[in-house]
> 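Pasting a structure below so you can have a look.
For clarity, every value in this text was computed on a predicted model and none was experimentally measured. Side chains included, hydrogens not; waters and symmetry mates left out as well; all remaining heavy atoms used.
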Amino acid sequence: MKYTSAQANKLLKKLNDEYAALLDREKRSREFRAAMGEDIESVRPAYHYGEMQQRLAEMEQTIRSLKHAINRFNVTHQVDGFDMTIDEMLVYIPQLTKRKEKLREMRAKLPKERIEEQYGRQSNIIDYAYTNYDLAEVEADYAKATDELTRAQLALDAVNQRETFEFGK
C-alpha cells in the first residue's frame with residue numbers, strides 16, 4: 001500500500017499506541033491476586049503467555065518495518081527549494097528554531113540595562129549590562145531566520161503530504 005510520510009507517521013503513532021496498550025494489558029493480566037479462601041479461577045484474568053508474546057513480536061516487527069520505510073524515504077527524497085533530503089531538513093529545522101530563539105532573546109535586550117540584583121540578592125552597587133552587538137543587525141537576522149524557518153517547514157510539509165512510498169503491513 002502507498003503512504004505519504006504524513007500518513008505513515010500517523011500510522012506509526014497509532015501502532016506505538018496500540019503496542020503500549022497491549023503491553024499495559026499484559027502487565028495487568030499476567031499476574032493477579034486473590035484473597036485467602038477466594039476461588040482463584042473466578043478472578044483469574046484471561047492471559048495466554050505464548051499468544052501475547054506472538055502478538056507483541058508481530059507488532060514490533062510491523063513498527064520496525066514502518067519506521068525503516070519512513071527512514072529510507074527521509075534519506076532519499078529531496079525537499080523542494082532546498083539542497084537537502086528530508087532527513088537533513090529534520091536536523092535543519094531544529095537548528096533554525098534554536099537560532100531564532102537565541103535571536104529573539106538578543107533582540108529583546110536594551111543597549112544598556114540596569115542590573116538590580118547581584119548573585120541572587122539586592123545590592124547598593126549600581127551595575128549595568130551592555131549589549132555587545134548591533135541590535136539592528138540582530139533584528140534583521142531574526143527576520144531572516146523566521147522567514148527561513150517558515151519556508152523550510154512549509155516545504156517539508158508539502159513533500160510529506162505529496163510524495164508517497166510503498167509499505168505493506
Side-chain angles (χ1 to χ4, degrees), residues 1-34 40-109 133 135-169:
M1 187 167 175
K2 286 197 174 277
Y3 290 90
T4 64
S5 182
Q7 291 169 326
N9 278 295
K10 298 284 187 219
L11 176 59
L12 182 61
K13 183 177 179 354
K14 178 183 174 205
L15 289 171
N16 279 320
D17 287 347
E18 288 174 10
Y19 181 75
L22 193 58
L23 281 175
D24 185 51
R25 197 172 311 126
E26 179 190 35
K27 185 177 180 181
R28 290 183 290 116
S29 61
R30 70 184 175 210
E31 296 176 2
F32 68 101
R33 294 180 180 203
I40 292 176
E41 293 309 316
S42 68
V43 294
R44 181 185 302 273
Y47 176 72
H48 188 276
Y49 173 79
E51 289 174 9
M52 180 61 74
Q53 300 319 299
Q54 179 65 32
R55 286 179 64 197
L56 288 168
E58 287 169 0
M59 288 194 79
E60 289 166 352
Q61 174 59 45
T62 302
I63 290 167
R64 274 194 315 275
S65 296
L66 179 55
K67 185 68 178 160
H68 179 65
I70 292 168
N71 288 341
R72 231 179 24 240
F73 176 80
N74 287 349
V75 298
T76 58
H77 282 75
Q78 293 285 317
V79 178
D80 298 336
F82 293 84
D83 189 27
M84 292 183 214
T85 62
I86 294 170
D87 187 54
E88 290 172 294
M89 186 64 78
L90 292 173
V91 174
Y92 184 53
I93 287 174
Q95 288 173 334
L96 281 173
T97 302
K98 278 180 158 176
R99 177 168 175 71
K100 180 184 165 191
E101 181 58 28
K102 177 189 77 166
L103 292 169
R104 185 195 64 73
E105 288 176 19
M106 289 176 71
R107 78 185 251 240
K109 295 285 185 186
Y133 50 86
L135 283 169
E137 192 177 347
V138 169
E139 188 69 43
D141 283 350
Y142 177 82
K144 284 182 209 169
T146 299
D147 291 345
E148 178 72 354
L149 180 58
T150 299
R151 189 173 81 85
Q153 289 170 329
L154 291 173
L156 181 60
D157 288 348
V159 73
N160 280 336
Q161 293 288 338
R162 183 184 65 243
E163 301 291 325
T164 61
F165 61 92
E166 195 69 37
F167 174 73
K169 291 190 226 179

> A side-chain contact here means heavy atoms from C-beta on lying under 4.5 Å apart; do Thr76 and Thr85 qualify?
no

> Do Thr97 and Glu101 have a side chain donor and acceptor closer than 3.5 Å?
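The criterion, which ignores hydrogens and geometry beyond distance, is not satisfied for Glu101 and Thr97.
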
> So which heavy atom on Ser65 is nearest to which on Phe167, and how close?
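Closest approach of Ser65 to Phe167: C-CE1, 3.6 Å.
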
> Write down the atom of Pro45, the atom of Ser29, and the distance for their closest heavy-atom approach.
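Shortest heavy-atom contact: CG-O, 3.5 Å.
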
> With rounding to the nearest 0.5 angstrom, report the CG to CG distance, Leu66 to Asn16.
9.0 Å

> So how far is it from Lys109 NZ to Arg104 CZ, rounded to the nearest 0.5 Å?
10.5 Å

> Specify the closest pair of heavy atoms between Thr164 and Lys2, including all atoms of both residues, with the distance to one decimal.
OG1-CD, 3.7 Å

> Answer whether the closest heavy-atom distance between the side chains of Asp83 and Glu88 falls below 4.5 Å.
no

> Nearest 0.5 Å, please: how far is NZ in Lys100 from CD1 in Ile93?
12.0 Å

> Salt-bridged, Arg151 to Glu148, with N to O below 4.0 Å?
yes

> Measure the shortest side-chain to side-chain distance between Phe32 and Arg44 over non-hydrogen atoms and say whether it is less than 4.5 angstrom.
yes

> Can you tell me how far apart CZ (Phe82) and OH (Tyr92) are? Round to the nearest 0.5 Å.
6.0 Å

> Check for a donor-acceptor pair, side chain of Asp24 on one end and backbone N or O of Ala20 on the other, with a separation under 3.5 Å.
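Not at all, since once roles are kept as given, no pair shorter than 3.5 Å links the two residues.
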
> Could you tell me whether Arg55 atom CZ has more than 12 heavy atoms of other residues or ligands within 6.0 Å of it?
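No, CZ of Arg55 has 12 or fewer neighbouring heavy atoms, counting only those of other groups under 6.0 Å.
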
> Which pair of heavy atoms, one from Arg33 and one from Val43, lies closest together, and at what distance?
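So the minimum-distance heavy-atom pair works out to O-CG2, 4.2 Å.
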
> Taking the side chain as every heavy atom from C-beta outward, state whether Glu26 and Gln53 have any atom pair closer than 4.5 Å.
yes

> Side-chain donor-acceptor contacts of residues 152-163 below 3.5 Å, not counting sequence neighbours, with atom names and distances?
| residue | atom | partner | partner atom | Å |
| --- | --- | --- | --- | --- |
| Asn160 | OD1 | Ser5 | OG | 3.1 |
| Asn160 | ND2 | Leu156 | O | 3.4 |
| Arg162 | NH2 | Asp80 | OD2 | 2.8 |

> Any donor-acceptor pair under 3.5 Å linking the side-chain atoms of His68 with those of Arg72?
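There is such a pair (donor and acceptor under 3.5 Å, judged by atom type) between the side chains of Arg72 and His68.
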
> Which value, rounded to the nearest 0.5 Å, describes the distance between Ile70 atom CD1 and Ile86 atom CD1?
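Those atoms lie 10.5 Å apart.
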
> Check step by step if side-chain contact (heavy atoms from CB on, under 4.5 Å) holds for Met52 and Leu22.
CA-CA 8 Å; Met52 180 61 74; Leu22 193 58; 3.7 Å; yes

> Taking all non-hydrogen atoms of both residues, which atom of Leu103 and which atom of Val138 are closest, and how far apart?
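Heavy-atom minimum between the residues: O-CG1, 3.8 Å.
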
> Any side-chain heavy-atom pair from Leu135 and Tyr133 closer than 4.5 angstrom?
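They are in side-chain contact.
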
> Let's go through Tyr49 and Arg30 carefully: what are the C-alpha distance in whole Å and the side-chain angles of both, what is the deciding distance for side-chain contact (heavy atoms from CB on, under 4.5 Å) to 0.1 Å, and is it a yes or a no?
CA-CA 8 Å; Tyr49 173 79; Arg30 70 184 175 210; over 6 Å; no

> Measure the OH-CZ distance between Tyr47 and Arg25 for me, rounded to the nearest 0.5 Å.
12.5 Å

> Side chains of Met84 and Val91: does their closest heavy-atom pair fall under 4.5 Å?
no

> Quick one, Gln7 and Met1 - any side-chain contact, counting heavy atoms below 4.5 Å?
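Gln7 vs Met1: side chains apart.
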
